[in-house]
**Student:** 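Can you read through this structure? Questions will come right after.
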Amino acid sequence: MAMMPERVKYRKMHRGNRSGLAWRGSTVAFGEYGLQCLERCWMDAKQIEAARMAISRAMKRHGKLWIRVFPQKSYTKKPLETRMGHGKGPLESWVAVIRPANIIFEVDGVTETEARAALRLAATKLPIKTRFISRHRAAV
């Protein structure tokens with residue numbers, strides 16, 4: 001089951017603004033190691049799920065994983081070869097708005113080499129550049 005809100009007040013949302021840096025959710029808060037974004041995007045629920053599965057398989061279900069982003073924005077898409085007009089298209093998917101400095105995943109309970117390998121596998125599933133960060137290195 002893909003990640004999506006249980007219920008929303010309005011099904012269709014405005015596109016919004018993706019500019020600026022993430023100043024909330026930009027530090028490692030729960031785990032010891034994290035995967036930080038360096039670019040901005042709309043991250044699909046399927047991409048988040050693929051990365052989550054890659055991390056949990058790489059860690060062999062040891063340690064703990066936190067997902068720090070949630071796809072709470074809906075986006076719509078009109079069918080192919082449709083003429084202009086006739087209103088906004090049907091709901092396509094749910095996305096999380098990602099800005100540079102967002103922490104996407106955090107892990108704990110594994111060594112740094114295991115965490116680095118797991119988060120590197122997850123990064124290959126994502127559409128943006130990311131970097132591995134540590135709680136202690138961020139504090140220094």
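All values derive from a computational prediction rather than experimental measurement.
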**Student:** Look at atom NZ of Lys77 and say whether more than 12 heavy atoms of other residues, nucleotides or ligands are closer to it than 6.0 Å.
**Tutor:**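 Open.
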**Student:** Write down the atom of Ala45, the atom of Pro71, and the distance for their closest heavy-atom approach.
**Tutor:**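 For Ala45 versus Pro71, the nearest heavy atoms are CB-CG, 3.9 Å.
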**Student:** Is there a side-chain contact between Phe105 and Ile48 in this structure, where contact means two heavy atoms from C-beta onward sitting under 4.5 Å apart?
**Tutor:**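 Touching, per the 4.5 Å side-chain cut-off.
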**Student:** CD1/Ile104 to CG/Leu126 distance, rounded to the nearest 0.5 angstrom?
**Tutor:**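 Output value for this atom pair is 5.0 Å.
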**Student:** Using a 6.0 Å cut-off, check whether atom CE of Met13 has over 12 heavy atoms from anything other than its own residue.
**Tutor:**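 Counting other residues, nucleotides and ligands, CE of Met13 exceeds 12 neighbours.
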**Student:** Check the hydrophobic clustering (I, L, V, M, F, W, Y; side-chain heavy atoms under 4.5 Å; chains of links allowed) and say if Val69 and Phe132 are grouped together.
**Tutor:**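 Same hydrophobic cluster.
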**Student:** So Ile98 and Arg40, side chain to side chain contact (heavy atoms under 4.5 Å, CB included) or not? Walk me through it.
**Tutor:** CA-CA 5 Å; Ile98 304 295; Arg40 65 188 78 248; over 6 Å; no
**Student:** Any pair with a residue in residues 25-38 that passes side chain to side chain donor-acceptor pair (under 3.5 Å), sequence neighbours left out, goes on the list, sorted by first then second residue, please.
**Tutor:**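 Every pair satisfying side chain to side chain donor-acceptor pair (under 3.5 Å) with a residue in residues 25-38: Glu32-His136, Gln36-Arg131.
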**Student:** Would you say Leu38 and Pro100 make side-chain contact, with heavy atoms under 4.5 Å?
**Tutor:**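 Leu38 does not reach Pro100 side chain to side chain.
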**Student:** When rounded to the nearest 0.5 angstrom, what is the spacing between OG1 in Thr130 and CG in Leu119?
**Tutor:**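 So the OG1 of Thr130 and the CG of Leu119 are separated by 8.0 Å.
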**Student:** Is there a path of hydrophobic side-chain contacts, each under 4.5 Å between heavy atoms of I, L, V, M, F, W or Y residues, that connects Phe70 with Val107?
**Tutor:**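 Yes, it is one cluster - the side chains of Phe70 and Val107 are joined through contacts under 4.5 Å.
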**Student:** When rounded to the nearest 0.5 angstrom, what distance separates OG1 in Thr111 from CE in Met59?
**Tutor:**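 Going from OG1 on Thr111 over to CE on Met59, the span is 10.5 Å.
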**Student:** Tell me the side chain to side chain donor-acceptor pair (under 3.5 Å) pairs involving residues 66-75, sequence neighbours left out?
**Tutor:**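 Of all non-adjacent pairs touching residues 66-75, those that pass side chain to side chain donor-acceptor pair (under 3.5 Å) are Arg68-Glu106.
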**Student:** Check for me, please, whether Ile67 and Val110 land in the same ILVMFWY cluster - side-chain distances under 4.5 Å, paths through other members count.
**Tutor:**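 Both belong to a single hydrophobic cluster.
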**Student:** Would you say CZ of Arg11 has more than 12 non-hydrogen atoms from neighbouring residues, nucleotides or ligands within 6.0 angstrom?
**Tutor:**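 It does not: Arg11 CZ has 12 such atoms or fewer within range.
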**Student:** If I compare all heavy atoms of Pro127 with all of Cys41, which pair ends up nearest, and what's the gap?
**Tutor:**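 Heavy atoms of Pro127 and Cys41 come nearest at CG-SG, 4.3 Å.
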**Student:** What is the distance from atom CG of Leu35 to atom CD1 of Ile55, rounded to the nearest 0.5 Å?
**Tutor:**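 The CG atom of Leu35 sits 6.5 Å away from the CD1 atom of Ile55.
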**Student:** As an exercise, state the distance from CD of Glu114 to NZ of Lys60, rounded to the nearest 0.5 Å.
**Tutor:**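 One gets 7.0 Å once the value is rounded to the nearest 0.5 Å.
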**Student:** Can you see which heavy atom on Pro79 is nearest to which on Pro90, and at what distance?
**Tutor:**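 Nearest pair, atom of Pro79 first, then Pro90: CD-CD, 4.4 Å.
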**Student:** Are any non-hydrogen side-chain atoms of Ile103 and Ile133 less than 4.5 angstrom apart?
**Tutor:**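 Yes, side chains in contact.
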**Student:** Rounded to the nearest 0.5 Å, what separates atom CZ in Phe30 from atom CZ in Arg135?
**Tutor:**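 With rounding to 0.5 Å, CZ (Phe30) is 9.5 Å from CZ (Arg135).
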**Student:** Show me the pairs that pass side chain to side chain donor-acceptor pair (under 3.5 Å) and involve residues 78-103, at least two apart or across chains.
**Tutor:**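 For residues 78-103, and leaving out neighbouring residues, the side chain to side chain donor-acceptor pair (under 3.5 Å) pairs sorted by first residue read Asp44-Ser93.
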**Student:** Assess the residue pair Lys46 and Glu49 against the criterion (salt bridge (Lys or Arg N to Asp or Glu O under 4.0 Å)); give the C-alpha distance rounded to whole Å, side-chain angles, the decisive distance to 0.1 Å, and a yes or no.
**Tutor:** CA-CA 5 Å; Lys46 290 177 185 172; Glu49 179 63 15; over 6 Å; no
